[in-house]
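Notes to accompany the following structure.
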Amino acid sequence: MIKAENVNYIYQQGTPFERQALYDINLEIPDGSFTAIIGHTGSGKSTLIQHFNALVKPTSGKITIDGIDVTAAKTDLKLIRHTVGLVFQYPEHQLFEETVYKDIAFGPTNMGLSSEEIDERVRESAALAGLNENLLERSPFDLSGGQKRRAAIAGVLAMKPKVLILDEPTAGLDPSGRDSILKTIKSLHKKNRDMIIIFISHSMEDVAKTAEHIIVMNKGRIETEGNVSEIFEKADTLRKIGLNVPQITTLCDRLRNAGLNLPKNIYTVGYAADALTSLLGGGRNV
Ligand SMILES: Nc1ncnc2c1ncn2[C@@H]1O[C@H](COP(=O)(O)OP(=O)(O)O)[C@@H](O)[C@H]1O
Ligand SMILES: [Mg+2]
């Protein structure tokens with residue numbers, strides 16, 4: 001479990017550039033949770049998740065992960081980094097080895113595992129990340145954008161973290177690349193039920209399709225959190241803080257305002273179709 005208590009973070013404290021990025025963050029993310037963190041650019045999403053693997057230490061407050069106090073002055077950084085795998089935004093910029101295989105093997109090699117164990121992990125995590133085995137001997141620089149991103153995700157998975165965090169994993173991809181990465185993340189959740197998976201996004205549409213729990217951030221604070229359906233009941237709040245709710249939610253809101261008796265939390269086209277069909281069926285006496 002991840003637990004954050006009264007976390008505040010101030011960048012460049014004591015300088016003229018001082019800027020508070022997080023205010024009084026309190027949260028609990030249970031094991032097995034599939035959580036999305038959503039919010040406008042600058043709302044503090046990246047700053048928050050960088051606390052989870054001790055890249056950033058809070059100005060005040062405390063965070064424990066799997067019982068480890070990651071905010072203590074003396075922390076076992078190695079243990080934390082093996083427990084919490086962080087896939088940065090645009091992770092493909094960090095690929096650097098001659099082959100994709102070596103890149104994915106980098107983490108497990110540093111963990112001091114045997115070459116058999118490393119080989120097993122590289123192949124297993126490449127498959128989990130949706131990367132074809134025949135790409136392993138290629139140079140990472142020969143891969144497509146989507147494939148590079150999968151290679152970077154595989155490199156983190158190869159360390160078998162208990163917590164997997166992805167910072168804007170779909171940023172810069174075209175719609176089909178985006179959908180396919182989201183599907184991969186969803187399948188990772190299905191195959192690793194104990195793992196906490198957290199991904200950052202600024203698209204409500206992507207989050208609705210993918211996550212189970214949603215944390216909404218606004219200006220360094222947690223604005224609201226809940227399951228997908230609870231969050232979409234608050235479409236007005238989301239719009240107020242500048243988040244684009246899915247087009248289907250807006251359409252159904254308009255139909256409701258025009259007098260149709262539709263539920264408030266519609267966020268997929270399939271659900272909207274069902275609701276409209278039953279409304280039409282109920283309205284007509286056939
Ligand atoms: N290295 C930094 N130095 C100073 N301010 C920063 C730094 N990184 C981020 N910030 C500021 O902290 C706030 C939160 O940023 P960030 O966590 O990157 O938000 P998000 O990931 O939601 O876009 C923003 O106002 C941003 O300008
Ligand atoms: Mg960010």
Side-chain angles (χ1 to χ4, degrees), residues 2-27 29 33-63 65 70-71 77 80-81 84-95 145 148-149 152-153 156 161 163-173 177-178 181-182 185 196-208 210-211 213-226 228 231 234 237-245:
I2 299 178
K3 186 170 183 185
E5 294 166 84
N6 305 318
V7 170
N8 287 279
Y9 185 73
I10 303 171
Y11 280 105
Q12 309 188 47
Q13 194 174 22
T15 76
F17 307 103
E18 178 170 307
R19 180 166 184 119
Q20 184 150 2
L22 296 177
Y23 296 85
D24 290 322
I25 301 290
N26 286 285
L27 55 77
I29 302 177
S33 171
F34 188 22
T35 293
I37 301 179
I38 184 150
H40 218 264
T41 304
S43 59
K45 306 180 297 295
S46 297
T47 305
L48 176 62
I49 55 113
Q50 285 171 25
H51 279 78
F52 294 163
N53 80 342
L55 260 174
V56 171
K57 295 272 178 113
T59 307
S60 65
K62 182 178 170 182
I63 299 170
I65 295 179
V70 300
T71 49
L77 278 183
I80 295 169
R81 305 272 153 87
V84 182
L86 180 54
V87 181
F88 290 94
Q89 196 169 356
Y90 297 106
E92 54 273 23
H93 296 162
Q94 281 156 352
L95 299 171
K148 280 185 195 162
R149 202 155 291 186
I153 294 172
V156 172
V163 179
L164 174 69
I165 303 175
L166 305 109
D167 194 348
E168 309 233 12
T170 60
L173 298 179
R178 224 164 56 205
I181 287 278
L182 291 174
I185 296 172
I196 293 178
I197 300 183
I198 301 172
F199 74 99
I200 291 183
S201 173
H202 54 247
S203 157
M204 274 323 268
E205 201 122 29
D206 287 358
V207 163
T210 316
H213 189 79
I214 301 179
I215 295 174
V216 181
M217 293 198 61
N218 183 34
K219 297 182 180 157
R221 297 174 198 274
I222 294 179
E223 178 80 25
T224 180
E225 64 173 307
V228 178
I231 293 298
K234 302 176 185 164
T237 311
L238 303 176
R239 285 193 200 96
K240 228 177 272 165
I241 63 174
L243 292 173
N244 291 321
V245 304

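Fair warning: this is a prediction, and the values are worked out from it, not measured in the lab. Each ligand, and each atom within it, is numbered from 1 in the order the structure gives.
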Are the side chain of T224 and the backbone of V216 linked by a donor-acceptor contact shorter than 3.5 Å? no

What protein heavy atom lies closest to atom 10 (N) of ligand 1? Include the residue and the distance to one decimal. Y11 CE1, 3.3 Å

Kindly say whether N53 contributes a backbone atom to a donor-acceptor pair with the side chain of R81 at under 3.5 angstrom? yes

Shortest protein heavy-atom distance from atom 19 (O) of ligand 1, along with the residue and atom involved: G44 N, 3.2 Å

Can a donor-acceptor pair be found, under 3.5 Å and without considering hydrogens, that links the side chain of T59 to the backbone of I10? yes

Heavy-atom contacts with Q12 under 4.0 Å: which atoms of ligand 1 show up? List them by number with element. 3 (N), 4 (C)

Report whether any nitrogen, oxygen or sulfur of T41 sits less than 2.8 Å from the Mg ion (ligand 2) (N, O or S, backbone or side chain). no

Just jot down the ligand 1 atoms closer than 4.0 angstrom to any heavy atom of H40, in number order. 22 (O)

Would you say the side-chain atoms of D24 pair up with the backbone N or O of N6, donor to acceptor, closer than 3.5 Å? no

Check whether any side-chain heavy atom of V245 sits under 4.5 Å from a side-chain heavy atom of R239, and report yes or no. yes

Please confirm whether S43 comes under 4.0 Å of ligand 1, counting heavy atoms of the residue only. yes

Numbered atoms of ligand 1 (with element) below 4.0 Å of T47, judged on heavy atoms: 14 (C), 15 (O), 16 (P), 17 (O)

Mind telling me whether F199 and F34 have parallel, tilted or perpendicular rings, with 30° and 60° as the class edges? tilted

M217, K45, H202: member with heavy atom nearest to atom 22 (O) of ligand 1: K45

Donor-acceptor contact present, side-chain K45 to main-chain G39, <3.5 Å: yes

Looking only at protein heavy atoms, what sits closest to atom 25 (O) of ligand 1 is R19 NE, 2.7 Å

Ligand 1 to G42 polar contact by distance, N or O atoms, under 3.5 Å: yes

Which ligand 1 atoms does T41 reach within 4.0 Å, using its non-hydrogen atoms? 23 (O)

Residue, atom name and distance, where the atom is the protein heavy atom closest to atom 18 (O) of ligand 1: S46 CB, 3.9 Å

Hey, does the Lys NZ or Arg CZ of R19 hover above the aromatic six-ring of Y11, less than 6.0 Å from the centre and inside 45° of the axis? no

